[in-house]
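Encoded as structure tokens, the structure appears first; notes follow it.
By convention here, the first residue in the shown sequence is residue 1. Ligands are counted one by one from 1 in listed order, and the atoms in each one are counted from 1 as well. Please read all numbers here as calculations on a predicted model, not as lab measurements.
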Amino acid sequence: MDFRLSEEQEALRESVRDFAREVVAPAIAEHYEQHTFPYEIIRQMGKMGLFGLPFPEEHGGMGGDYFALCLALEELARVDSSVAITLEAAVSLGAMPIHRFGTDEQKARWLPKLLSGEALASFGLTEPGTGSDAGGTQTRAVLDGDEWVINGSKAFITNSGTDITALVTVTAVTGVRPDGSKELSTIIVPSGTPGFTVAPGYSKVGWTASDTHELTFDDCRVPASNLLGERGRGFAQFLRILDEGRIAIAALAVGLAQGCLDESLRYAKEREAFGQPIGNYQAIQFKIADMEMKAHTARLAYYDAAARMLAGEPFKRQAAIAKLHASTIAVDNAREATQIHGGYGFMNEYPVARFWRDSKILEIGEGTSEVQRMVIARDLGM
Ligand SMILES: Cc1cc2nc3c(=O)[nH]c(=O)nc-3n(C[C@H](O)[C@H](O)[C@H](O)COP(=O)(O)OP(=O)(O)OC[C@H]3O[C@@H](n4cnc5c(N)ncnc54)[C@H](O)[C@@H]3O)c2cc1C
């Protein structure tokens, strides 16, 4: 058992860390404040190859693996989560379903521009009336000749409305099974298809420099060949995508937790109270020690889940544990980092304020903490 990173992995980590510090950190606060999408940062991330990290070179990928993506996400989120979630959603929810389930034609058409970061893809599973209970999908797609006709709506879809969004993969009910249950399938809907409307962006508590919209499909027609993978395999497909995605979100949460620690360590050495740096007080040292313990154990949890996934072993439970633990400790560390910063921690100009606002969604997106507990309990035979 060896949890140390290889030279190649360390080099990737360092280059993303430098990029986050030198390019993301100086520019992101303004985007966050103005709720604008950081196109220039995303363009540079594309040039670095981050959108192609876990994909084969054949379609323009970097030939790395899912763990490489996680390392990059951790380093980005250490500085900013809007940028990190944009990459996570574009790769793990956007391009990955096409890579895993797409036809050769779909891969050839979409993957080169998605893997270069020139275009973004999004994944539309959640609906206004149903999120955790994804089987409750109401959006319908009916085959009419050689076209799917889609009707319904999707809520909270990341990367769905940027100027460079190329498509959304939509889950829809395409029929009824012999046992009366819904037949779910996934269908690619290119941006700009008539009948596909993207609502204005939400006003969010955090992740304000990321792109999130409600989507409506009103007799939206796409070719029958836009079906992704086999008809009726939608449920199995998104379960796989979400299992993997949980490891990526765990990595992102660890990055945020580590960022809280970085900022707190720096501040505790600088800020003085009662004639000495607050870091001299054991109450502050204990908070920092706990933050380190939490970031470290959550990191090991996602490393373990990723290692099992890459070894082709079952990893559902470990991914849920990693996501549950990492999101919980990210919220803990954000709260304590704000506390260590005192009144300044409540000011938006300090990164910890951003971390605090960005942490809560980690307990909600890609399966709430309650859903992770359900997954773990079920896997234990309950
Ligand atoms: C900023 C943002 C970005 C997002 N991006 C995407 C995206 O790109 N694509 C996408 O498809 N979705 C996306 N989502 C949606 C996200 O995955 C859902 O919000 C999440 O899965 C929860 O669903 P819900 O909001 O409908 O909550 P609900 O399912 O209504 O849950 C409400 C509460 O009830 C609890 N609950 C529900 N069922 C049970 C149960 N059986 N037992 C115990 N408790 C239960 C939940 O844990 C939660 O606390 C995004 C959300 C946000 C906020």
Heavy-atom protein neighbour under 4.0 angstrom from [atom]:
atom: atom 33 (C) of ligand 1; answer: no
atom: atom 37 (C) of ligand 1; answer: yes
atom: atom 11 (O) of ligand 1; answer: yes
atom: atom 53 (C) of ligand 1; answer: yes
atom: atom 28 (P) of ligand 1; answer: yes
atom: atom 50 (C) of ligand 1; answer: yes

Taking NZ, NE, NH1 and NH2 as the nitrogens, is one of them in [X] or [Y] under 4.0 Å from a carboxylate oxygen of the other?
X: Arg13; Y: Glu75; result: yes
X: Arg308; Y: Asp304; result: yes
X: Asp179; Y: Arg177; result: no

Looking just at side-chain N and O atoms, do His31 and Ser82 make a donor-acceptor pair shorter than 3.5 Å? no

State whether a side-chain donor-acceptor pair under 3.5 Å links Arg299 with Gln258. yes

Is a side-chain donor or acceptor of [X] paired with a backbone partner of [Y] at a separation under 3.5 angstrom?
X: Lys107; Y: Pro112; answer: no
X: Lys154; Y: Thr126; answer: no
X: Asn159; Y: Thr86; answer: yes

Decide whether an N or O pair under 3.5 Å exists between [X] and ligand 1.
X: Thr368; answer: yes
X: Leu125; answer: yes
X: Glu370; answer: yes
X: Ser132; answer: yes
X: Gly131; answer: yes
X: Phe156; answer: yes

Side chains of Thr139 and Asn151, heavy atoms from C-beta outward: is any pair under 4.5 Å?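 Thr139 does not reach Asn151 side chain to side chain.
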
Test item: Thr137 and Glu127 side chains (from C-beta on) under 4.5 Å apart, heavy atoms: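 Sidechains of Glu127 and Thr137: in contact.
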
Please state which protein non-hydrogen atom is closest to [atom] and give its distance, to 0.1 Å?
atom: atom 3 (C) of ligand 1; answer: Thr158 OG1, 3.3 Å
atom: atom 20 (C) of ligand 1; answer: Ile364 O, 3.5 Å
atom: atom 39 (C) of ligand 1; answer: Met374 SD, 4.5 Å

I need the contact type for [X] against ligand 1. Using non-hydrogen atoms and a strict under-4.0 Å cut-off, is it side chain, backbone, both or neither?
X: Ile361; answer: side chain
X: Glu366; answer: backbone
X: Trp207; answer: side chain
X: Thr126; answer: both

Check residues 41-64 and write down every donor-acceptor pair under 3.5 Å in which the side-chain atom is one partner and the other belongs to a residue at least two apart or another chain.
from  : atom 1 : to    : atom 2 : distance (Å)
Arg43 : NE     : Glu40 : OE1    : 3.0
Arg43 : NH2    : Glu40 : OE2    : 2.8
Gln44 : NE2    : Glu40 : OE2    : 3.1

Proximal ligand 1 atoms for Ile157, defined as those under 4.0 Å from one of its heavy atoms: 7 (C), 8 (O), 9 (N), 10 (C), 11 (O)

Ligand-side contact atoms (ligand 1) for residue partner Phe123, heavy atom cut-off under 4.0 Å: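 Those of ligand 1 that fall under 4.0 Å from Phe123 are 7 (C), 8 (O), 9 (N), 10 (C), 11 (O).
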
Check the pair Glu263 / Arg266 against salt bridge (Lys or Arg N to Asp or Glu O under 4.0 Å), numbers first and verdict last. CA-CA 5 Å; Glu263 294 297 322; Arg266 181 168 33 240; 2.5 Å; yes

Aromatic contact, Tyr303 with Phe67 (centres under 6.0 Å):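 When the ring centroids of Tyr303 and Phe67 are compared, they turn out to be within the sub-6.0 Å range.
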
